[in-house]
Asks: 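Just dropping this structure here.
Every value quoted in this text rests on a predicted model; they were computed, and no experiment measured them. Along the sequence shown, the residues carry numbers beginning at 1.
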Amino acid sequence: MSEIEISSAIPYKEVLLLILGTLSTFLIWKIQYQKEKLKNIENLVSEKKYKLYSELIYIFFDIANADKIGKKPTEKETLKRILDIKKDMFLYAPDEIFKTFTD
């Protein structure tokens with residue numbers, strides 16, 4: 001076969017479409033994978049925030065209801081719980097809430 005016959009036998013359009021189709025499929029998969037990964041991270045942060053805020057509410061209720069229950073937490077115990085919350089709040093809470101809590 002001569003060069004002219006070989007070059008006309010190669011379907012350039014089909015090869016190009018195959019490459020573009022494969023590339024677009026890969027890119028769509030990559031975008032969906034990144035979205036799923038981001039969603040998992042957001043769920044994890046949301047779970048951490050829930051634990052943080054619920055512990056904060058528990059501290060307020062423990063302090064407010066200490067006289068009614070007859071079991072008053074010690075200052076050292078309360079301070080330790082607040083510092084633990086502050087540590088987690090530094091990581092997961094919005095800046096405004098962290099500043100307000102710190103003040």
Asks: Report yes or no: do F90 and L52 belong to one cluster of Ile/Leu/Val/Met/Phe/Trp/Tyr joined by side chain heavy-atom distances under 4.5 Å?
Replies: yes
Asks: V45 versus Y50: any side-chain heavy-atom pair under 4.5 Å?
Replies: no
Asks: Suppose the criterion is salt bridge (charged side-chain N to carboxylate O under 4.0 Å, His left out): which pairs have a residue in residues 39-50, not counting sequence neighbours?
Replies: E47-K51
Asks: So if you build clusters from Ile, Leu, Val, Met, Phe, Trp, Tyr with side-chain heavy-atom gaps below 4.5 Å, do L23 and W29 land together?
Replies: yes
Asks: Look up atom CG in L20 and atom NZ in K13, then write down how far apart they are to the nearest 0.5 Å.
Replies: 13.5 Å
Asks: First locate atom OG of S24, then atom CG of L17, and finally report the distance between them rounded to the nearest 0.5 Å.
Replies: 10.0 Å
Asks: Could you grab the distance from atom OH of Y53 to atom CG of D88, nearest 0.5 Å is fine?
Replies: 11.0 Å
Asks: Using the rule that two of Ile, Leu, Val, Met, Phe, Trp, Tyr join whenever any of their side-chain heavy atoms come within less than 4.5 Å, decide whether Y58 and L56 are in one cluster.
Replies: no
Asks: Should the heavy atoms of other residues, nucleotides or ligands under 6.0 Å from CD of E14 be counted, would the total exceed 12?
Replies: yes
Asks: Using distance only, find each side-chain donor-acceptor pair of residues 73-86 under 3.5 Å and give its atom names and separation, not counting sequence neighbours.
Replies:
residue	atom	partner	partner atom	Å
T74	OG1	E77	N	3.1
T78	OG1	T74	O	3.0
K80	NZ	D84	OD2	3.3
R81	NE	E55	OE2	3.1
R81	NH1	D62	OD2	2.9
R81	NH2	E55	OE2	3.2
R81	NH2	D62	OD2	3.1

